[in-house]
Protein chains: 2
Amino acid sequence: MSRILEPLTIGKVARLAGVGVETIRFYEREGLIEEPPRSASGYRQYSKEAVARIRFIKRAKELGFSLKEIKELLELRIDPETTCEDIRNRAKAKIEDIDRKIDSLLKMKSVLERLMATCRGREPVSECPILEALEDREK
Amino acid sequence: MSRILEPLTIGKVARLAGVGVETIRFYEREGLIEEPPRSASGYRQYSKEAVARIRFIKRAKELGFSLKEIKELLELRIDPETTCEDIRNRAKAKIEDIDRKIDSLLKMKSVLERLMATCRGREPVSECPILEALEDREK
DNA sequence: CTTGACTCTGTAGTAAAGTATAGGGTTTAA
DNA sequence: TTAAACCCTATACTTTACTACAGAGTCAAG
């Protein structure tokens, strides 16, 4: 019930988010997560939101976003003096970027599916040269 | 008509693929593209397929694949002594990975779309805190 | 009340993926 | 026929994103 009252140490956050302790301090230095409050002895005290934020950073990296781009994504909400119009423009650009990524992934997927469909049994691979397509028609 | 007879130099390939000359030599050393034939004076001679291959590498990187993973994707066709069964298994794993990426991107996209929809006019941003969702429900 | 597992700051080292430079040969267009 | 613009190898440097100490303080279990 009262889990907000029990702040997480950096080690617990690291375990929950699946990263190392040093990585969290690194993200803090880089401005990807804000400096958390400290205990009397100087220990960082995190809330559960920090875990979600770090997991998001981790996943976004796996999707090909750089830390710089991820910071921009995260800043699509904290900025205190940006207009909604500005936010909308930035969000639109990100959506377009995401759409392009999805397109490329779908293309890769369909080529792999064709490969699987054509490549049956246990004949040698030279009989399955469908992947030519994967390397073509990119825009 | 006879464009196969005119091989491309490394500089032309680099320009066509949108990378630097050094990057191509680096990919060759890393085994991502095979060593091309050489001219009498030792110049590398590329075909247009090389351009497609390098473009594919470039795009796959932007989708969050490491060079090691990209190599695996490209090897889904050249190997001369793999069975189709093996290829099918490897392709299946790649498709699953791609599906997970697409899922995450769709999730990010829908959150950004909700942000744009909610955030109208020119009110300050604190009125648009929809992005909370972006940081959650990953899995 | 101590010992082992934390935490802190600060700095240094690493892996991946390029990018640049040195020192040399080649092609081509004026 | 020469100078700009290429290419070659080999090696060194850079950037991004961590990862690993060193040296010191803190906390919690037995």
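A note on names: the letters A, B, ... follow the listed sequences, proteins ahead of strands, and every chain is numbered from 1. Quick caveat, the model's predicted, so the values are computed rather than measured.
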>> Quick check on DNA chain C: between B:Lys61 and B:Ser39, whose nearest nucleotide comes earlier from the 5' end?
In response: B:Lys61
> Quick one: on DNA chain C, does B:Phe65 or A:Arg29 contact a more 5' nucleotide (nearest heavy atom)?
Replying inline: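 Its nearest nucleotide being more 5', the pick is A:Arg29.
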Listed nucleotide nearest any side-chain atom of [X], set [options]:
X       : options                : value
A:Glu22 : D:dA17, D:dT26, D:dT19 : D:dT19
B:Tyr43 : C:dT27, C:dA17, C:dG10 : C:dT27
A:Arg38 : C:dT26, D:dC27, C:dT9  : C:dT9
B:Arg15 : D:dT19, D:dC6, D:dT9   : D:dC6
A:Arg25 : C:dG18, D:dC8, C:dT9   : C:dT9
B:Thr23 : D:dA17, C:dG18, D:dC18 : C:dG18

Length of the line joining [X]:[atom1] and [N]:[atom2], which is rounded to integer Å:
X       : N      : atom1 : atom2 : result
A:Ile70 : D:dT16 : CD1   : P     : 14 Å
A:Gln45 : D:dC27 : CD    : P     : 10 Å
A:Glu28 : C:dT9  : CD    : C1'   : 12 Å
B:Ile24 : C:dT19 : CD1   : C1'   : 14 Å
B:Phe26 : C:dA17 : CZ    : C1'   : 5 Å
B:Ile10 : C:dT26 : CD1   : P     : 17 Å
A:Leu8  : C:dC6  : CG    : C1'   : 15 Å
A:Glu6  : D:dA28 : CD    : P     : 12 Å

>> Does A:Val13 form a side chain to side chain contact (heavy atoms under 4.5 Å, CB included) with A:Val21? I'd like the steps, not just the answer.
In response: CA-CA 8 Å; A:Val13 172; A:Val21 164; over 6 Å; no
Please determine whether a side-chain nitrogen or oxygen atom of [X] lies at a distance below 4.0 Å from atom OP1 or OP2 of [N].
X       : N      : result
A:Thr9  : C:dC6  : no
A:Ser41 : D:dC27 : yes
B:Tyr27 : C:dA17 : no
B:Arg44 : D:dC8  : yes

>> Heavy atoms only, 4.0 Å cut-off, all strands: where does B:Gly20 land among base, sugar-phosphate and nothing?
In response: nothing
> How would you label the contact of B:Gly11 with the nucleic acid (heavy atoms, under 4.0 Å): base, sugar-phosphate, or nothing?
Replying inline: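 If one applies the 4.0 Å heavy-atom cut-off, B:Gly11 turns out to touch the sugar-phosphate alone, with no base involved.
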> Side chains of A:Lys101 and A:Asp97: closer than 4.5 Å at any heavy-atom pair?
Replying inline: yes
>> Within the structure provided, determine whether A:Met108 and B:Lys94 are in side-chain contact (heavy-atom separation under 4.5 Å).
In response: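 Counting from C-beta outward, A:Met108 and B:Lys94 never come under 4.5 Å.
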> Is there a side chain to side chain contact (heavy atoms under 4.5 Å, CB included) between B:Ile95 and A:Met116 once you walk through the steps?
Replying inline: CA-CA 10 Å; B:Ile95 286 172; A:Met116 284 188 69; 3.7 Å; yes
> Is the Lys NZ or Arg CZ of B:Lys71 less than 6.0 Å from the centre of B:Tyr27's six-membered ring, within 45° of the axis?
Replying inline: no
> What are the two closest non-hydrogen atoms of A:Leu112 and B:Ile98, and how far apart are they?
Replying inline: CD1-CD1, 3.6 Å
